[in-house]
Structures are given as structure tokens and as C-alpha cells.
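Accompanying notes for the structure given below.
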Amino acid sequence: MSGTDSSHDASVISQTHTPDAGLQAEHEGVGAETHAVMADPVLPVTPAPVPSAPPPPEGVAVKEVFQMVGAMVFVFCFAALGFNAMYHAGY
């Protein structure tokens, strides 16, 4: 049984596949073109980020003082509104 598998299934023919030289050369040419196209990626050109200057510490302290004064005025007005409502309710 030449050309057949020596196993129990005699209908299977053993084949040795030799790649076609023309197809292999064409595949290598396409691979080289693809590699040449992908070799130099496009990188976006953006300016370097500019570091921001930190605010002066005196400006931060003054801002926090104004925030604290504003919060105290809000609480005082809210308490005055509550006391006014209690006065008119008869408590």
C-alpha cells in the first residue's frame, strides 16, 4: 500500500505538502511592504505642558478668611431667621 496510511483506515492517503515557491515569495514581499508601512508610526505633535505657578500663600490665607466670615454670616442669619419664626409662632 504505497501512498496510504498504514493504520486501520486505508482510505486516508498521506500527503506531504510542499509550499509553492511563487506564493511564498509573494507572501514575503507583502510582509516586507507591510513592515515598511508600519515601521514609522504617526505621533501627534503637541506642545509640552506648561507648569502652573502655585498661588502665593498670602492669597490663600485671605481667601480662607473670607470663606470663614461668609460661613459665620450665613449661620448667624439662619439662626436669626429661626428665632424670628419661633417668636411669631408663640414659643
Side-chain angles (χ1 to χ4, degrees):
M1 281 204 287
S2 67
T4 61
D5 192 16
S6 62
S7 67
H8 66 281
D9 189 6
S11 65
V12 177
I13 299 173
S14 66
Q15 297 178 357
T16 57
H17 180 65
T18 57
D20 189 10
L23 290 176
Q24 187 176 11
E26 182 181 329
H27 178 66
E28 288 175 357
V30 171
E33 291 174 4
T34 304
H35 182 67
V37 169
M38 296 176 63
D40 49 342
V42 177
L43 298 176
V45 179
T46 56
V50 179
S52 61
E58 295 84 23
V60 174
V62 171
K63 186 176 181 180
E64 288 179 356
V65 168
F66 280 125
Q67 280 183 332
M68 185 176 60
V69 169
M72 291 171 63
V73 168
F74 174 77
V75 169
F76 176 74
C77 289
F78 203 75
L81 183 67
F83 286 133
N84 187 32
M86 286 172 45
Y87 173 77
H88 286 289
Y91 289 109

Test: side chain to side chain donor-acceptor pair (under 3.5 Å). Region: [range]. Which pairs qualify, not counting sequence neighbours?
range          : value
residues 52-72 : none
residues 68-80 : none
residues 69-83 : none

Partner set under side-chain contact (heavy atoms from CB on, under 4.5 Å) for Val62, not counting sequence neighbours: Phe66
Contacts table for residues 78-91: side-chain donor-acceptor under 3.5 angstrom, sequence neighbours left out:
| residue | atom | partner | partner atom | Å |
| --- | --- | --- | --- | --- |
| Asn84 | OD1 | His88 | NE2 | 3.1 |

Starting from Met68 and following side-chain heavy-atom contacts under 4.5 Å between hydrophobic residues (I, L, V, M, F, W, Y), which residues can be reached? Met72
